[in-house]
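Numbers restart at 1 for each chain; the letters A, B, ... are given by sequence-line order, proteins then strands.
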Amino acid sequence: MTDERDDHPFTRDERLRKEERLLRRPEFTATQRRGGRHVMPALVVYAAHAEQPWTRIGLTVSRKVGGSVVRNVVKRRLREAFRRNKRDLPLGFDLVVIARVGAGDADYETLERELLEACCNARKRARLPKRGE
RNA sequence: GAGAUCCGCGAGACGAUCGCCGGCAGCCUUCGGGUUGCGGGAGGGAAAGUCCGGGCUCCACAGGGCAGGAUGGUCGCUAACGGCGACCGGGGGCGACCCCAGGGAAAGUGCCACAGAGACAAACCGCCUCGCCAGCUCCCUCGGGAGCCCGAGGUAAGGCUGAAAAGGUGAGGUAAGAGCUCACCGGGCCCUUUGGUGACAUCGGGCCGUCAAGGUAAACCCCAUCCGGAGCAAGAUCGAACAGGGGUGGUCUCCCUCGGGAGGCCGCGGGUGGCCCGCCCGUUAUGCCCCGGGUAUGAUCGCUUGAGCCUGCUGGCAACGGCAGGCCUAGAGGAAUGAUCGUCCACGCCAGAACCCGGCUUAACGCGGGUCUCGGAA
RNA sequence: UCGGGGAUCGUCUAAUGGCAGGACGACGGGUUCUGGCUCCGUUAAUCUAGGUUCGACUCCUAGUCCCCGAA
């Protein structure tokens, strides 16, 4: 995963397209079922090998986190953190980030740090993309 | 200065960079989109809760009956309202001011625990009259008398209870009493004067002591007024995919080219979105109903110009209305606002549009002003 | 978006508008050598704020939270 890292246009820039996001329910459930997990104080991250060569992210922020303002801010900060750090994250994964209750009180710096750490740890526990089950 | 009360205002500002969602224009395109430029993009007092009312869209729209729901002083405002304004009446507060589901209790029904004699109709203790066989007590001039008890009755003044007990004070009256009678106060009904659109206020008079007499209608209920149903996942257009199976009755009349056609009745299905009657539609079919199967989490429209916002003038006590000019101000579809930096105010509450408005209620920071009360100083 | 239901001791549940009751639990005590079973006693609640009423878990209004249903 070293040669084609900078080749794919989605990874080279710091934009965030819809193709880089998980949007549908089956995508979330599949990632959570197959992927490795890592828990942080404010986040839970699932990482699973994907079928596409780039990395996608999906966010889950439930009502337990807070009101709509708090939930929107958490989602925006997590998207921002993913966008800014795409270059340093492993390629070809689907990520599901679930905000825990403490995410509403965390600032951007905390969320960014936890996201990066959790992604790396969760990736190590991800199964290989074989035809399992 | 403190406390109270009412009203109003604001919702961090400016700039830069990287991203995100729409719009317009140019270019490229494999028609999916890409790219460049310009411009817009979280408002708000609550976007909230979804408690009311409307617009809009679709369905329904002979009629009748019974339900059901909502509202409840008057007049006005409004598209409408259960909202708002002004006023009336009642209540609270020293006051500024605040609160009130504020029609009907002689249409009927129900309930009023405990306590208390008694909860709306009686009479427990009382008070009083009469009677007095027997019994008890006392007095005695030894004949009898008085009282208690008992019996028959009259009372509702007093008593206790309670949230609530047939208006209050005084006098007369009586065996004792009572609006039983009278005076005053209070109350009810009717007529009347004046003011007001009206609720109502007010002047004068008459009648009523049967002043017939509690509360509760956010108990049932009665009266008056209003209410068709659903909701933008409404709804419209275009498209993709799949697999089909079953059911669609009876009878009568007429016409007839004997294939069929027209009509009536029963039945069945659907509509009338609470129910019933009734009515309407279908039952001749490329339709309808049932079972099963398939699907794009599809595209476009609806989707933001609207009871719109600002300014000025103007009518009205006000809510609100009229006229003129100016402005265009988010429109997504897993759903766009974040991160970083600089300067300043001296640190920012509640909180995020999803068809759109008018209200109500709830959440909550800061600032200003009016008024009232108390205290102090001059 | 629309509709329905609910909230009572720590838990599960009762209660015409009139003293909030029961079970389990907890605590204390008795019984037992100890524990359990068992017996006795105690503890402890009407989601919040107003209103109607003499009186509200109950009726009305507003709010908070939870559950269920339909498209």
Any strand: nucleotide that pairs with U253(B) via Watson-Crick or wobble, under 3.5 Å: A262(B)

For C18(B), the Watson-Crick or wobble partner whose two distances fall under 3.5 Å: G338(B)

Distance between P atoms of G338(B) and G41(B) (Å, rounded): 15 Å

Interatomic distance, Arg71(A) CZ vs A48(B) C1' [rounded to whole Å]: 13 Å

Heavy-atom check, side chain of His38(A) versus side chain of Arg125(A), under 4.5 Å: yes

Residue list, salt bridge (Lys or Arg N to Asp or Glu O under 4.0 Å) with Glu80(A), at least two apart or on another chain: Arg83(A), Arg84(A)

Sequence-aligned protein contact record of nucleotides 334-341 of chain B, with B where the base is within under 4.0 Å of a protein heavy atom and S where only the sugar-phosphate is: BSSSBS--

Residues clustered with Ile98(A), ILVMFWY side-chain links under 4.5 angstrom: Leu22(A), Phe28(A), Val39(A), Val44(A), Tyr46(A), Val96(A)

Common cluster, Tyr108(A)/Val45(A), ILVMFWY with side-chain heavy-atom separation under 4.5 Å: no

Syn or anti conformation of G143(B), syn meaning chi within 90° of 0: syn

A233(B) - base-pair partner by Watson-Crick or wobble geometry, distances under 3.5 Å: none

Leu59(A) reachable from Val73(A) in the ILVMFWY side-chain graph, under 4.5 Å edges: no

G22(B) glycosidic torsion: syn (within 90° of 0) vs anti: syn

Side-chain touch Lys75(A)/Asn72(A), heavy atoms, less than 4.5 angstrom: yes

Chi-angle category of G45(B) [syn within 90° of 0, anti beyond]: syn

Glycosidic class, syn or anti, of U305(B) using a 90° window around 0: anti

G-U wobble or Watson-Crick pairing nucleotide for U305(B) (cut-off 3.5 Å, both distances): none

Complement of C268(B), any strand, by Watson-Crick or G-U distances under 3.5 angstrom: G282(B)

Glycosidic conformation of G54(B), taking syn as within 90° of 0 and anti otherwise: anti

G198(B): pairing nucleotide in any strand, Watson-Crick or G-U under 3.5 angstrom: none

Qualifying residue for side-chain hydrogen bond (donor to acceptor under 3.5 Å, both in side chains) with Glu20(A), from Arg79(A), Lys86(A), Arg56(A): Lys86(A)

Base paired to C2(C) (Watson-Crick or G-U; both N/O distances under 3.5 angstrom): G69(C)

